[in-house]
There are 2 protein chains.
Amino acid sequence: MVTKVFVSAQEVAEKAGVSRSAVSRTFTPGASVAPETRKRVMEAAEALGYHVNHLARGLMRNESGIVCLIVSEMGTPYRSSLIRAVTQHLQNSGKIAMLINTDRSDGSVDRALRQAIRYRADASIILSGQPDKSITQLCLKNGQRLVLINRDDAQPGPFRINLDDKEAASRILTAFVRAGCRRLAFANSEVGTPSLMAREHGFVAAAAALGMEVAVERFGPTGYEAGKVVAQRLLTRKERPDAIFCANDLLACGVMDAARHQFMMSVPDQLCVAGFDDIEQTSWSSYDLTTFAQPVEAIAREAVAFLAEPGSAEDDGQGRSIRLHAELIWRGSIRGG
Amino acid sequence: MVTKVFVSAQEVAEKAGVSRSAVSRTFTPGASVAPETRKRVMEAAEALGYHVNHLARGLMRNESGIVCLIVSEMGTPYRSSLIRAVTQHLQNSGKIAMLINTDRSDGSVDRALRQAIRYRADASIILSGQPDKSITQLCLKNGQRLVLINRDDAQPGPFRINLDDKEAASRILTAFVRAGCRRLAFANSEVGTPSLMAREHGFVAAAAALGMEVAVERFGPTGYEAGKVVAQRLLTRKERPDAIFCANDLLACGVMDAARHQFMMSVPDQLCVAGFDDIEQTSWSSYDLTTFAQPVEAIAREAVAFLAEPGSAEDDGQGRSIRLHAELIWRGSIRGG
DNA sequence: ATCGCCTTTGCAAGCGTGTGCAAATGCTGC
DNA sequence: GCAGCATTTGCACACGCTTGCAAAGGCGAT
């Protein structure tokens with residue numbers, strides 16, 4: 001048997017004995033249609049298994065309801081929880097998420113944005129990587145909205161959501177000092193994402209303001225294994241640190257495991273550790289890590305709210321930028337509290 | 001300024017001095033178009049920032065290139081790694097993933113499938129939950145392909161990918177016995193997913209074949225906290241188990257943490273533990289858990305390969321079913337080895 | 001009965017694309 | 001020079017939907 005095609009509004013109209021427009025209006029919120037007509041249409045549609053073709057609707061309305069999520073390393077705890085929150089909020093506001101994987105290669109994000117354009121996505125939300133200026137301009141010109149999450153230094157135009165990374169770094173420094181720590185260190189990856197660097201610079205600057213030095217070590221990707229390597233390097237220095245602020249929870253877990261299992265150090269007695277993101281694992285009792293919570297729900301809410309706003313995508317060529325607060329989640333990896 | 005609309009093939013055709021069909025053919029692989037014409041078209045398209053409208057193309061071809069991923073708890077390590085693998089494979093074969101969040105509520109999966117139909121997805125891949133039979137039939141009738149992953153007991157029709165859960169359970173039992181364990185237990189959630197139950201039943205059956213009993217405890221959702229609760233219940237029994245097979249790595253992490261930190265037991269000396277999924281955290285040195293690896297890449301490959309196959313979605317009303325192997329990853333949570 | 005108003009309905013145009021068909025073009029071999 | 005053929009091109013229709021517009025119908029007030 002040849003693949004059957006989907007039911008069309010025409011067939012529903014015939015079955016219900018009305019015009020095709022009536023069917024269309026029945027499924028268009030706010031359209032003018034008599035209750036009796038609507039009922040007949042609904043019944044016919046139900047019987048035939050009719051579903052509005054959103055491809056065609058998007059074509060007409062010039063509004064597909066699709067929002068592209070562009071993200072790399074989506075298997076990571078923080079990323080996946082953000083994806084979950086965003087898709088959920090999108091669904092709640094009647095939109096739908098399209099997911100595109102990127103890698104660190106050049107043009108990866110640009111290719112993703114091209115794909116978003118092809119599917120006439122209403123908007124794209126970029127969680128990773130740096131789009132090229134020319135392509136973001138193309139998106140905006142075409143009326144496609146753009147949201148950048150945690151991509152601090154990106155060019156203006158898109159809507160940008162960031163955290164108070166530097167201020168958080170300064171708060172955690174205070175906590176370390178109160179705990180009596182004096183030999184400070186910062187564990188980072190070599191990726192150089194704006195938010196990671198903001199935490200590093202914020203921490204170093206806050207320490208400098210107190211006349212303290214920070215041992216900074218960077219290695220590899222922003223993950224657990226890199227954390228182990230960084231810890232090895234830091235803990236074999238002549239001046240062994242007694243406090244390590246990690247750019248990321250994954251790094252922090254690696255740092256803790258290396259400190260405990262390879263260097264037989266006790267956390268927090270001999271070493272205080274803090275991370276960033278508040279991924280689920282930090283609350284597990286093997287880690288019990290003091291960290292900053294990414295306001296995942298708030299980020300998703302703000303991003304989706306922006307998409308729902310009326311007005312052109314580029315009405316204010318400047319774009320807008322908001323900064324959300326990262327709350328300090330106090331657990332057991334720092335003394336005192 | 002009013003939101004500008006996207007560039008159409010018409011405009012490209014005018015700029016290139018050819019007909020609209022020529023533009024269309026230029027972007028249709030395998031279409032007949034002279035090299036010179038193609039070149040002119042490509043240049044005009046590039047200059048204007050033209051991108052084929054996949055909504056319209058999908059409308060014409062009756063093939064959108066969209067594949068729906070239907071999944072609950074997508075923030076979970078195993079789920080998110082599967083999402084990553086599947087989206088990547090889809091992209092490699094020229095398709096694109098649409099992501100829909102479901103919860104445990106009734107009809108949640110059905111609503112997701114309806115959404116897939118509205119966007120005329122070429123296929124839907126279900127990673128969680130149980131679709132209603134009527135809706136899956138609707139999908140198949142409409143030529144939409146369906147893939148069920150780890151949903152063992154689902155009705156026939158869709159393409160089904162499962163693991164050898166029961167056999168794995170039997171293998172891990174052997175390992176426990178070899179390690180000298182005699183008081184066996186199984187830690188499960190109350191969710192009752194087919195694959196989780198298959199592991200439980202396989203373990204109990206294999207033990208029975210050796211004349212051994214298994215203490216089974218189930219609680220809550222399939223996560224870390226539930227694992228802790230289950231461990232508390234198991235380890236306060238009169239007959240304290242010396243081996244626990246967990247339906248899931250998350251449960252296993254909870255079990256290990258409870259055993260170590262609440263009951264001060266040593267793993268694997270006093271208690272052997274095994275899990276399932278091989279999520280990244282199991283390789284972290286705080287856990288170092290012996291577990292079974294979900295063949296995530298193979299699952300994604302098989303699923304996408306199925307979608308690429310020619311032939312109607314329902315040509316063989318029975319659907320097909322394959323069973324993949326879960327490899328035992330030997331680490332340090334079981335004695336010996 | 002007539003008018004004006006509001007609600008509902010059908011018509012038809014249009015969204016941006018793919019593709020069958022026939023016409024046009026160029027080339028080969030005689 | 002011409003028939004025969006392969007390649008390329010344009011026309012026009014189709015895909016399934018939305019929506020402006022005008023006509024139709026109902027109803028109360030005059």
Side-chain angles (χ1 to χ4, degrees), chain A residues 3-42 44-45 48-66 117-122 142-144, chain B residues 3-42 44-45 48-66 117-122 142-144:
Chain A
T3 303
K4 195 178 160 294
V5 76
F6 291 84
V7 179
S8 78
Q10 181 63 54
E11 304 175 47
V12 177
E14 282 162 15
K15 171 143 188 160
V18 298
S19 80
R20 207 166 47 75
S21 338
V23 178
S24 180
R25 281 190 252 261
T26 299
F27 291 98
T28 302
S32 162
V33 60
E36 164 65 12
T37 311
R38 148 168 273 120
K39 181 161 158 287
R40 295 237 309 273
V41 170
M42 290 302 253
L48 266 47
Y50 170 75
H51 292 262
V52 178
N53 185 334
H54 273 49
L55 266 44
R57 169 176 281 187
L59 196 55
M60 267 304 299
R61 292 208 183 143
N62 208 29
E63 178 182 329
S64 61
I66 297 173
I117 291 179
R118 288 197 202 95
Y119 279 96
R120 297 301 188 262
D122 298 338
N142 286 337
Q144 185 176 98
Chain B
T3 302
K4 193 176 161 297
V5 76
F6 290 83
V7 179
S8 77
Q10 181 64 53
E11 304 175 49
V12 177
E14 282 161 14
K15 171 140 187 162
V18 298
S19 81
R20 203 180 48 74
S21 332
V23 178
S24 179
R25 282 190 252 262
T26 298
F27 291 97
T28 303
S32 163
V33 59
E36 164 65 13
T37 311
R38 147 168 274 122
K39 180 162 159 287
R40 297 236 308 274
V41 170
M42 289 302 253
L48 265 49
Y50 169 74
H51 292 261
V52 178
N53 186 332
H54 273 49
L55 267 44
R57 169 176 281 187
L59 194 55
M60 267 303 298
R61 289 207 184 144
N62 208 30
E63 177 181 331
S64 61
I66 297 173
I117 291 180
R118 288 197 202 95
Y119 279 96
R120 298 300 188 261
D122 297 338
N142 286 335
Q144 185 176 99

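Per chain, numbering begins at 1; letters A, B, ... match sequence-line order.
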task: Nearest whole angstrom, please: distance from the C1' of C:dC15 to the CZ of A:R120.
output: 11 Å
- line: Among C:dT19, D:dG16, D:dT19, the one nearest any side-chain atom of B:R61 is C:dT19
Polar atom pairs between nucleotides 9-14 of chain C and protein, under 3.5 Å, N or O only, would you list them?
| from | atom 1 | to | atom 2 | distance (Å) |
| --- | --- | --- | --- | --- |
| C:dT9 | OP1 | A:T37 | OG1 | 2.2 |
| C:dT9 | OP2 | A:A34 | N | 3.0 |
| C:dG10 | OP2 | A:S19 | N | 3.1 |
| C:dG10 | OP2 | A:S19 | OG | 3.0 |
| C:dG10 | N7 | A:R25 | NH2 | 2.8 |
| C:dG10 | O6 | A:R25 | NH2 | 2.8 |
| C:dC11 | N4 | A:S21 | OG | 3.2 |

message: Whole angstroms only, please: what is the CZ-P distance between A:F6 and D:dG16?
response: 10 Å
field: A:N53 CG to C:dT17 P, straight-line distance once rounded to whole Å
entry: 16 Å
- request: Nearest whole angstrom, please: distance from the P of C:dG16 to the OH of A:Y119.
  value: 18 Å
query: Does A:A16 offer a backbone N or O that forms a donor-acceptor pair with the side chain of A:R40 under 3.5 Å?
result: yes
message: Taking ring-ring contact (aromatic ring centres under 6.0 Å, His included) as the definition, give me every residue that meets it alongside A:H54, ordered by chain and number, with sequence neighbours left out.
response: B:Y119
query: With a 4.5 Å heavy-atom cut-off, do A:Y50 and A:M42 have their side chains touching?
result: no
query: In whole angstrom, what separates A:H54's NE2 from D:dT18's P?
result: 9 Å
Distance, rounded to the nearest Å, where A:R57 contributes CZ and D:dG16 contributes P: 15 Å
Atom pair distance, as rounded to whole Å: CD in A:E11 and P in D:dC15: 11 Å
message: Using a 4.0 Å heavy-atom cut-off, does B:Y50 contact any base of the nucleic acid, only the sugar-phosphate backbone, or nothing at all?
response: sugar-phosphate
- line: Taken to the nearest whole Å, CG/A:L55 to P/D:dT18 is 12 Å
